[in-house]
Colleague: 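If you scroll down you'll find the structure; I have some questions about it.
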2 protein chains.
Amino acid sequence: MSRGDASDRLTGVSGASPTRVTVTDVARAAGVARATAARVLGGYGSVHAGLQERVREAAAALGYQPNTLARSMATGVTHTIGVVVADIGNPFFAGVVRGIADSARAAGYDTIVVNTDESAVREQDAVRVLLGKQIDGLVVASAVGAADDPAHLRAAVERGVPVVAVDRELPALDVDAVVIDNHDIAAAAVRHLTAAGHRRVALAWGPALPHRPRSLRTLLDASGRDLPTSGARLRGWADALTEAGHEPDPALVMTGSQTIEGVRRFVTRQLQADDPATAVFATETDAVLGTLAAARDLGLRIPEDLSVVGFDDSPWATVTVPALTMVEQPVRQLGQTAAARLVQRIEGRGAGAARTRALRGRLVERDSVAAPRA
Amino acid sequence: MSRGDASDRLTGVSGASPTRVTVTDVARAAGVARATAARVLGGYGSVHAGLQERVREAAAALGYQPNTLARSMATGVTHTIGVVVADIGNPFFAGVVRGIADSARAAGYDTIVVNTDESAVREQDAVRVLLGKQIDGLVVASAVGAADDPAHLRAAVERGVPVVAVDRELPALDVDAVVIDNHDIAAAAVRHLTAAGHRRVALAWGPALPHRPRSLRTLLDASGRDLPTSGARLRGWADALTEAGHEPDPALVMTGSQTIEGVRRFVTRQLQADDPATAVFATETDAVLGTLAAARDLGLRIPEDLSVVGFDDSPWATVTVPALTMVEQPVRQLGQTAAARLVQRIEGRGAGAARTRALRGRLVERDSVAAPRA
DNA sequence: ATGAAAGCGCTAACAT
DNA sequence: ATGTTAGCGCTTTCAT
């Protein structure tokens, strides 16, 4: 931790130069003042062409590399945005992150990505770390429920660090958000099923609750406290069913352990019930996998015995048998839009009230939906 | 860039405090010297309990948050490792990154992840940015071919920044590496096919080459210049075939455009050839998808008409029909091991010569392999 | 156009 | 145990 350790390291690993070369070194070698060398190396102010040359040569000869930390200390700006994402292992978020990086890069910003594994604690940590690193702005796909107070993010806002929510809104905070219109696309997906004649459409998965709510209202209320995306999808499901004249039965909604295995058990139960579900709306990739596993367990054929619509289209959805009808989300665009908005905020343009921008999902129809058995 | 802009931003976005609170502010509020405040806030040195209390209260009251940049400037250490990864959208690398972050976090290091989308130019950029941010070490899954000179990474090493290669070795550089034993697991996969009676095992995909090499030697040489992983898998394929007494025919190796569509065309051609392939060894996820697409196009059944072994086991490999026999790689462990090694290097323990550590893949047998048709 | 000097927020010698 | 002072590498007045 001491300076001594640091230089031990420098000399120890490989016959490396025992000390980094700084503007001071370059200035001395070029025979100019530090300020002059700094001006050409930093690309600001104005310096006689001849001197520029000399400084550049000296810098190249010494192998000078700028220290961005020092620059940031002096300017108060890092040209870096932080990204806090709940699950980088999910291709959805991976795509979002790439979109953010694309857009940020184009605007001259670096990105630092931190994964929280859906843990609220790690999210707080991540935000603290990023703020400590003096990022200029923050894009966050938060793991906190819609009802929880995101104090760590409020701290960012209060310090004047612009925050943009991506995919998951932050109703408790007055910040910009870029999301998918989950209610509409979910409703469209379920409408596709009711149009084919389905009345009993199971939903996997919904909010994680300790025990199954009896009434639809209780369920909707509970989901309002869950992740905003999952609540919106649930409401879309309910609205589409209602619209088709069917009662949205809370018993059709999975509220238990949200894992592939949990879905498998839930769907199995739904298919063996007295008034069995004839279709499943799977709102996450893992829910699709669990549903397919359940169907195979029971020897049910898709779509003859069971119709399925799932979230997050992916290349493998075309090689299953049958190919799956899926909701496609504009992931990359989601990230790009969020980063663009953030850069606007950082650079002081686009001031004004926080705004939520909703992007549209798309239903990709393949072969996993048919009319229910008579 | 100017200080003026920065404070405009601070005041503009929300009624935020126009200036950050520093140790100096806290010290003044607590009525102690800066050093004293710094000691308790930074958690070093020793300070009378009573004063500690007072400083902490003042800090809390003012909402003090440490500036890690300034700390790093003073100490010369960032407690941050950089991760450069070729494709964060690939679940394989997503898993590796999580492993790295786990392990780093446990050792008290933050991680900064940069994605390069398999572009050598962006990789250079990424490394420069990370070095500028004064990271303490670097984990890299490089996009550069085994034959290319990774000057950007050499620069890191020469500056005394420890580098650990993950998944993809850097033969041109004397650095630690943590990889999968691609040769062995590929050979095991192909052996599994020859054991079932296959002689004509197509490989999708191999090295990207402008035109198909005529001889096996030319092919192997060419692949030596490609990504180290793909070369090793190719050699594993060749060795397993040879071992079973079959000539590894270079015509069975895909060398063209490495996309799902490219694989689909390649496999289609292989299956319609005079002496058709009876099995496909797909060395990447997208190669598996292309292979399945080709089989479906031709109305071939797996495994009756075509056997398939693929790389990168994944939950969806169990829900295809049939479930797929796949190579599973210990992705998380790969990342954890790499980060652990890096931390050792950073902290000066585990000095000595660079070492490559190879982790073993595992063949997960399911239902996509059978004896070839007579 | 160039140079001298101050300062960003923190840590770390060096007094006391 | 506390305070004083210098300094990390850079940018940015302010002189000249």
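First the proteins, then the strands, lettered A, B, ... as listed; each starts at 1. What you are looking at is a predicted structure, and each value in this text was computed from that prediction instead of being measured.
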Colleague: Do you know the tightest heavy-atom contact between A/V55 and A/V26?
Modeller: O-CG1, 3.7 Å
Colleague: Round to the nearest Å and state the distance from A/R159 atom CZ to C/dG9 atom C1'.
Modeller: 12 Å
Colleague: So does A/Y44 get a side-chain nitrogen or oxygen closer than 4.0 Å to the phosphate oxygens (OP1/OP2) of D/dT11?
Modeller: yes
Colleague: If a pair satisfies salt bridge (charged side-chain N to carboxylate O under 4.0 Å, His left out) and one of its residues is in residues 49-67 of chain A, list it, with sequence neighbours excluded.
Modeller: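 Residue pairs with at least one partner in residues 49-67 of chain A: there are none.
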Colleague: Once you round it to whole Å, what is the distance between P of C/dC10 and CG of A/N67?
Modeller: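 Going from CG in A/N67 over to P in C/dC10 covers 17 Å.
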Colleague: Hey, which of A/V113, A/V163, A/T116 is the one that makes side chain to side chain contact (heavy atoms under 4.5 Å, CB included) with A/V84?
Modeller: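 Per the side chain to side chain contact (heavy atoms under 4.5 Å, CB included) rule, the option paired with A/V84 is A/T116, out of A/V113, A/V163, A/T116.
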Colleague: Compute the bend angle of the helix from C/dA1-D/dT16 to C/dT16-D/dA1 from the end axes (five pairs per end), rounded to 10°.
Modeller: 40°
Colleague: What's the CD-P distance between A/Q65 and D/dC10, to the nearest Å?
Modeller: 11 Å
Colleague: So do A/V343 and A/R349 actually touch side chain to side chain, heavy atoms under 4.5 Å?
Modeller: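 Side chain of A/R349 against side chain of A/V343, heavy atoms only: contact under 4.5 Å found.
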Colleague: What is the distance, to the nearest angstrom, from the CE atom on B/M73 to the C1' atom on D/dA6?
Modeller: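 Rounding to the nearest Å, CE of B/M73 and C1' of D/dA6 are 14 Å apart.
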Colleague: What is the distance, rounded to the nearest whole Å, between atom CD of B/Q134 and atom P of D/dG9?
Modeller: 9 Å
Colleague: In this structure, how many angstroms lie between the P atom of D/dC8 and the CG atom of A/D25, rounded?
Modeller: 11 Å
Colleague: Kindly say whether A/G99 contributes a backbone atom to a donor-acceptor pair with the side chain of A/S103 at under 3.5 angstrom?
Modeller: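 No: the side chain of A/S103 does not pair with the backbone of A/G99.
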Colleague: For the side chain of A/T78 and the backbone of A/Q134, is there at least one donor-acceptor N/O pair under 3.5 Å apart?
Modeller: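 Confirmed, A/T78 side chain pairs with A/Q134 backbone.
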Colleague: Would you say the side chain of A/T356 lies within less than 4.5 Å of the side chain of A/E169, judging by non-hydrogen atoms?
Modeller: yes
Colleague: Rounded to whole Å, how long is the line connecting atom CD of B/Q52 with atom P of D/dA1?
Modeller: 11 Å
Colleague: Nearest 0.5 Å, please: how far is CG in A/L170 from CG in A/D149?
Modeller: 10.5 Å
Colleague: With side chains defined as the heavy atoms from C-beta onward, is the minimum distance between A/D125 and B/R105 less than 4.5 Å?
Modeller: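 The answer is yes; the side chains approach within 4.5 Å.
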Colleague: Given atom NZ of B/K133 and atom P of D/dC10, what is their separation to the nearest angstrom?
Modeller: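 Distance check: B/K133 NZ to D/dC10 P gives 15 Å.
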Colleague: What protein N or O atoms touch nucleotides 2-6 of chain C N or O atoms at under 3.5 angstrom, if any, and at what distances?
Modeller:
from  : atom 1 : to    : atom 2 : distance (Å)
C/dT2 : OP2    : A/H48 : N      : 2.2
C/dG3 : OP2    : A/A33 : N      : 3.0
C/dG3 : OP2    : A/T36 : OG1    : 2.4
C/dG3 : N7     : A/R39 : NH2    : 2.6
C/dG3 : O6     : A/R39 : NH2    : 3.4

